[in-house]
Amino acid sequence: MPDFRFLILYVDNPPSSATFYAGLLGSPIVEQSPTFAMLPLREGVMLGLWSRHTVEPAAAGAAGCSEVAFTVADAGEVQRLHDDWKARGLRMTQAPTRMDFGTTFVALDPDGHRLRVFVPQDA
């Protein structure tokens, strides 16, 4: 099976999105041009930010049709990140909520991509 190494989001302005994600995730920008930027998410996995205006072949999907999900250790961390991200100005589409899979919230990045933070129910 091929190795999963990249998650690529199509964005309006890769340098601006890279600055947003670098601040949000505390990850350095390791590559940047006017049409593409990249940051490490974790060892061996990178977040690519590609200009939706130059991606080939052209993409037809809209932001918000999928999610980037992050797990945390406990419900207190879910609340802490929610408060931090809200203070940073992220638009919240779901406040911290207990669901069948665990406690979660959803925020949107500047391009409208859904960012879900959750703690699995068994944690």
Side-chain angles (χ1 to χ4, degrees):
M1 174 184 247
D3 286 339
F4 176 77
R5 297 288 179 176
F6 289 91
L7 170 65
I8 298 177
L9 300 177
Y10 304 135
V11 299
D12 280 324
N13 183 322
S16 177
S17 291
T19 299
F20 168 81
Y21 277 103
L24 189 70
L25 304 175
S27 294
I29 301 167
V30 296
E31 183 178 327
Q32 185 168 297
S33 74
T35 61
F36 186 80
M38 188 166 51
L39 300 88
L41 287 178
R42 59 181 294 178
E43 177 134 0
V45 180
M46 305 297 277
L47 173 62
L49 304 162
W50 197 346
S51 170
R52 73 175 78 243
H53 311 290
T54 63
V55 65
E56 292 185 25
C65 293
S66 59
E67 296 181 347
V68 179
F70 304 90
T71 59
V72 295
D74 56 47
E77 184 68 1
V78 170
Q79 186 66 54
R80 188 193 72 72
L81 279 176
H82 172 269
D83 295 346
D84 178 62
W85 289 12
K86 188 173 183 178
R88 292 173 185 256
L90 274 73
R91 193 169 111 217
M92 298 294 159
T93 60
Q94 182 181 44
T97 304
R98 180 99 173 129
M99 299 185 74
D100 60 348
F101 58 85
T103 302
T104 186
F105 76 86
V106 177
L108 300 180
D109 78 1
D111 289 280
H113 296 288
R114 292 168 60 121
L115 307 175
R116 180 177 298 277
V117 173
F118 73 101
V119 58
Q121 187 169 349
D122 294 338

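Keep in mind it's a predicted model, so treat the numbers as computed, not measured. Atom set for the values below is all heavy atoms of this structure, side chains included, hydrogens, waters and symmetry mates excluded. This chain uses plain numbering: 1 for the first residue, then up along the sequence.
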Side-chain touch [X]/[Y], heavy atoms, less than 4.5 angstrom:
X: F118; Y: T71; result: yes
X: P34; Y: P14; result: no
X: V68; Y: L9; result: yes
X: L25; Y: L41; result: yes

* Asked: With ILVMFWY side chains joined below 4.5 Å, transitively, what does M38's cluster contain besides itself?
  -> F6, I8, Y10, V30, F36, M46, W50, V55

* **Fellow cluster residues of M1, listed by chain then number, with links counted only when side-chain atoms sit under 4.5 Å apart** => none

* Structure fact -> Between the CG atom in N13 and the OG1 atom in T35, the distance rounded to the nearest 0.5 Å is 11.0 Å

* **I29 versus T19, closest heavy-atom pair with distance** => CD1-N, 4.0 Å

* Structure fact -> Note: P15 and S33 closest approach over all heavy atoms is CG-O, 3.6 Å

Does anything in [range] pair up under salt bridge (Lys or Arg N to Asp or Glu O under 4.0 Å), and if so which pairs, sequence neighbours excluded?
range: residues 40-59; answer: D12-R52, R52-D111
range: residues 13-24; answer: none
range: residues 87-110; answer: D84-R88

* Report the residues that fulfil salt bridge (charged side-chain N to carboxylate O under 4.0 Å, His left out) with E77, sequence neighbours left out, ordered by chain and then residue number. => R80

* **S66: partners by side-chain contact (heavy atoms from CB on, under 4.5 Å), with sequence neighbours left out** => none

* Structure fact -> residues 11-35 vs ring-ring contact (aromatic ring centres under 6.0 Å, His included), sequence neighbours excluded, gives none

* Would you kindly confirm whether V72 and L47 end up in one hydrophobic cluster when ILVMFWY residues are joined by side chain heavy atoms under 4.5 Å apart? => yes

* Asked: Do L108 and L81 sit in the same hydrophobic cluster, where Ile, Leu, Val, Met, Phe, Trp and Tyr count as joined when their side-chain heavy atoms come under 4.5 Å apart?
  -> no

* Structure fact -> Across all chains, not counting sequence neighbours, the side chain to side chain donor-acceptor pair (under 3.5 Å) partners of S27 are none

* Of all residues at least two apart in sequence or in a different chain, which pass the side chain to side chain donor-acceptor pair (under 3.5 Å) check with E67? -> R114, R116

* Asked: Checking D74 side chain against G76 main chain: does a donor-acceptor pair fall under 3.5 Å?
  -> yes

* Give a yes or no answer on whether the side chain of T104 reaches the backbone of V117 with a donor-acceptor pair at less than 3.5 Å. => yes

* Structure fact -> Sorted by chain and residue number, the ring-ring contact (aromatic ring centres under 6.0 Å, His included) partners of H113 (sequence neighbours excluded) come out as none

* Can you list the residues that meet the ring-ring contact (aromatic ring centres under 6.0 Å, His included) rule with F105, with sequence neighbours excluded? -> H82, W85

